[in-house]
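Chain letters run A, B, ... following the sequence lines, proteins first and then strands; every chain starts at 1. Note that these values count all heavy atoms, side chains included, but never hydrogens, waters or copies made by symmetry.
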Amino acid sequence: MRVVNMVPDMEYAVQQSQQTLSAALQQVSTGLRVNKPSDDPGASASMVISLASSANVDQYTSNVSAMQAQMQTADSALNSVITSLNTAVTVATAGSTGTSSAANDQALAAQAQGLLSNVIAQANTSYQGIYSFAGSASSSPPFVAASTTYTSQNGTAAAPLSTTTPLTAGSVTTIHDASTSEAFTFTAAAGDTIGDLASAISGAVTAGTLSLGTTATINAKGELAISTNSGTHGIVASSNDPVLGLVRPLWGTDVANAYAYVGNSTVNNVQIGDSATVATNVPGDQIFTAGANVIASLTGLITALQSGNSAIVTSSGAAVSAALTYVTQQRVPLDNTISQLNDQDSFLNQETLTLTTQQNALVGVNLATAATSLSQAELDNTAVLAAAAKVLPQTLLNYLSPG
Amino acid sequence: MSSITSILSSATQSLLAETGALQVTSNNIANANTPGYSRQIPVFQEAAPTNDGNFSIGNGVVLEGYQSVRDELVTSQIQQETQSQSSANAQLNTLQQIQPTFTTSTQDIGTEISALFTSLSGLSTNATSSAERQSVLAAGNNLASAFNAASNVLTAQQTALNSPVTQDVSQINQLTQQIAALNPQIAELTATGQDGGSLQDQQNQLVLKLSTLTNVSTTQTAQGETLTTGNGTPLVVGSQSYALQTATGSDGMQHVLDQNGADITTAISSGDLGGMIQMRDTTIPGLLNQLDTLANQFGTAFNAAQAKGFDQNGVAGGNFFTLPATVAGSAGAISMAITSPTKIAASSDGTAGSNGNVANFSAVQTNVLAGGNTPGEAYANLVYQVGSLTSNANAESSATTASLLQLNDQLSSVSGVSVDQEAANLITFQTAYQAAARVISTMQAMFSVTMTMGTAAAE
């Protein structure tokens, strides 16, 4: 083949060499083999999926961390409740001997009352604004001191509410009964009146949701009064109906040592893995008022000690022991969750490592290989330039004598 | 029998022939770096011999003319390859501007989809947290913005290709006019048996330039080169050129029309114009359609999840994203339907603290959309496609560049000027010239001797 001009070939060779050098330099400087989709479309697409997995794993790790703190707070609270119940058993034993003086019994009753207060405080434990034992109604304390009467903020003697006063459609009025441990909820439909609310309450009494004697009436001040006859347990009522205004406990009607659960039974779940979730809470009604009722057993013990009747104290002590056993059992799933969270934390750390390795394999560069490639590219480029410098100036004219 | 005068005549002819050859060599050297120049060679012809009795004797040399050395096949291949290269380059230029939008960054669609799901997962740890809700709202906004930005980039690139279409058509018209003007001149030369020479070189160069713009088919006729584009639309026939036109179509894009006003846009398959039309009318709309489909299906699935829950006030969830009525334009128009964090329907039972509906949102990440892929997979496919298109255009550009280099080398080996060869020719012709001059000088000496025969000086 007749070669007449090597400049285009040299230019091409230099250009190719510089492109290779530039690519090698970029790989070494970024540590990446794939800097844009066209570098490796398949790897780039896989990277999208892998990065999404990484983001999920990071979030799962964050969730685990948040849940660990939340669960440990709840576990500490239950631990404190168990300690209180153990102490209560001891108090019951001391009060059941039959030889204790009346003053001593009152002192023991006062101690038991302190224990109940502590249990209630633990049952109302919160972590970063979330009440651990409130179910999904977690933005307010789940155990509220009960009263026998709640009255509406609205309504006066001059402008009384009446059974024909229409309620706001969609408004919700709730009564938590400390005796039945159940909740009555009335959602006003369009056209519903206070009379309809009263009828619904009456129906709930019949159904056993609310204690006997629970009523909704208009009192002498023209307010709506929600009351119960249960002087030992009481109720907690609330409403968001602007027609009624705030529904508040009537002063002087509080029931000593009586608490109603105003949370709910919802269990929230949080994802801590692609196919792993954990329950983030144990509803308070399940731990403290269901089964061997913790609060009721302590209330019974207080009443028994106050009465000075050793036989009743003995039976109350047995109830407290049963409550202790029950709470200890309820704590097991919580501890299992904490254990699961710890295990998942380790798994996620490993998963992060696996994904990072996968991502490095997809788009990363082996630095030793990249450095070698760079060195080779530099050498090639130098060689091409040197060849160009040698070859291009050579023509026959260089060798012809001027003469 | 030869005479001194016939020898002188022969030597003089030789001087003239070698002078002509030296001129051809000089012209070759002068045009050694002229693009498109085909080297010329002198065509020597033995002068007709003189019959003298029983033998004939040569009468020297005649310079018949000169001839350009060409390879029409390789020239045609170069034109074809140039069309492919220009098309690939045009596509590559546009794709390189689109590609960054689909490159993993802190703001690309894939990252924002992930961020939305992780923010929802974070919300599930504390459904009443304003910060977590605000985070979900911000992630939703960021995702909508990422869709909007990607759509805008594609649409802007598509629209930006209209102006070059008009410019290319204008250049094509200028070139075809110049090519048509050369046809009669070349035809006149070839009709008299002469070489097209520099005119043919000029025309080849113009056709090569035309090949950078559009697909061109060349046919040689007695009237010169006939050029067509598209599916046979004439550009040049003899001395006549046919101008293309542009007009705005119903799609708002610039369309290419032939001299009769017929739309030939889809028939322009290569060259810069073909590459741009391919990008504008096929590639970008394809990508936009996938992007719109993803935005629409994702937004619809997310809205369905939102509708299954309750917001922080216990109200049934309304739309999370606002979408247009049609799939087309969804990526460009998607926006947040809610502006308050409390409107995120995380609750499954109406209580503020419930996170039960987050599972329905999370399911959008793992459930397949109508197209058969999860949102992440659908986006990954889009990334793959953009990467693949860019990579292929790059490979095509590199391959055609390498191929053109080889073809040009091939053509150059036939038509190119070798300075070394011309230097050697220079010596050859110079030597021949010197020898002929020496013959004349010798003849002059012989004449002198002859003229002075019998004179004192001769004695």
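With a 4.5 Å cut-off on non-hydrogen atoms, B:Ile113 does not touch chain A at all. Neither the backbone nor the side chain of B:Thr374 has a heavy atom closer than 4.5 Å to any heavy atom of chain A. Neither the backbone nor the side chain of A:Ser62 comes within contact range of chain B, judged by heavy atoms closer than 4.5 Å. Looking at B:Ala127, neither its backbone nor its side chain comes within 4.5 Å of chain A, counting heavy atoms on both sides. Of the atoms belonging to B:Val358, not a single heavy atom falls under 4.5 Å from chain A. In this structure, chain B has a heavy atom under 4.5 Å from the backbone of A:Asn35, while its side chain stays farther away. Both the backbone and the side chain of B:Ala402 come within contact range of chain A, judged by heavy atoms closer than 4.5 Å. Looking at B:Asn126, both its backbone and its side chain come within 4.5 Å of chain A, counting heavy atoms on both sides.
For the set B:Asn33, B:Val417, B:Thr125, the count of heavy-atom pairs under 4.5 angstrom toward chain A peaks at B:Thr125. Listed options B:Val383, B:Thr118, B:Thr111 were ranked by heavy-atom pairs under 4.5 angstrom with chain A; first place goes to B:Thr118. Chain B forms the most heavy-atom pairs under 4.5 Å with one residue out of A:Thr277, A:Asn269, A:Leu51, and that residue is A:Asn269. Note on B:Gln385, B:Gln96, B:Gln365, B:Gln410: by heavy-atom pairs under 4.5 Å with chain A, the leading option is B:Gln365. Heavy-atom pairs under 4.5 Å with chain B peak, among A:Gln59, A:Met67, A:Gln70, at A:Gln59. Per-residue counts of heavy-atom pairs under 4.5 Å with chain A were compared for B:Val419, B:Asp409, B:Asn392; the largest is that of B:Asp409. Ranking A:Ala137, A:Ala52, A:Ser139 against chain B, the residue ahead of the rest is A:Ala52, based on heavy-atom pairs under 4.5 Å. Highest contact tally toward chain B, considering only A:Asn63, A:Ile130, A:Thr280, is held by A:Asn63 [criterion: heavy-atom pairs under 4.5 Å]. Of the residues considered (B:Ser362, B:Ser413, B:Ser418), B:Ser413 shows the highest number of contacts with chain A, using heavy-atom pairs under 4.5 Å. Highest contact tally toward chain A, considering only B:Thr103, B:Thr104, B:Thr401, is held by B:Thr103 [criterion: heavy-atom pairs under 4.5 Å].
Remark: the backbone N or O of A:Val172 is paired with a side-chain donor or acceptor of A:Asn240 at under 3.5 angstrom. Put simply, the side chain of A:Gln344 gets close to the backbone of A:Ile272: a donor and an acceptor are under 3.5 Å apart. Of the possible polar contacts, one joining the B:Asp420 side chain to the A:Leu396 backbone as a donor-acceptor pair under 3.5 Å is found.
B:Tyr384 OH: 12 or fewer foreign heavy atoms inside a 6.0 Å radius. Atom CD of B:Gln107 has 12 or fewer neighbouring heavy atoms from other residues, nucleotides or ligands inside a 6.0 Å radius.
With ring centers used as reference points, A:Phe143 lies under 6.0 Å from A:Tyr261.
Partner of B:Asn27 under the side-chain hydrogen bond (donor to acceptor under 3.5 Å, both in side chains) criterion, chosen from B:Gln40, B:Glu422, B:Arg39: B:Gln40. Of the candidates B:Leu287, B:Leu389, B:Ile284, B:Ile284 is the only one forming a side-chain contact (heavy atoms from CB on, under 4.5 Å) with B:Met279.
By the 30° and 60° cut-offs, the orientation of the rings of A:Phe288 relative to A:Phe133 is perpendicular.
With respect to A:Asp39 and A:Arg33, no salt bridge is recorded, no charged nitrogen being found less than 4.0 Å from a carboxylate O.
Put simply, the side chain of A:Asn268 reaches to within 4.5 Å of the side chain of B:Ser354, judged on heavy atoms.
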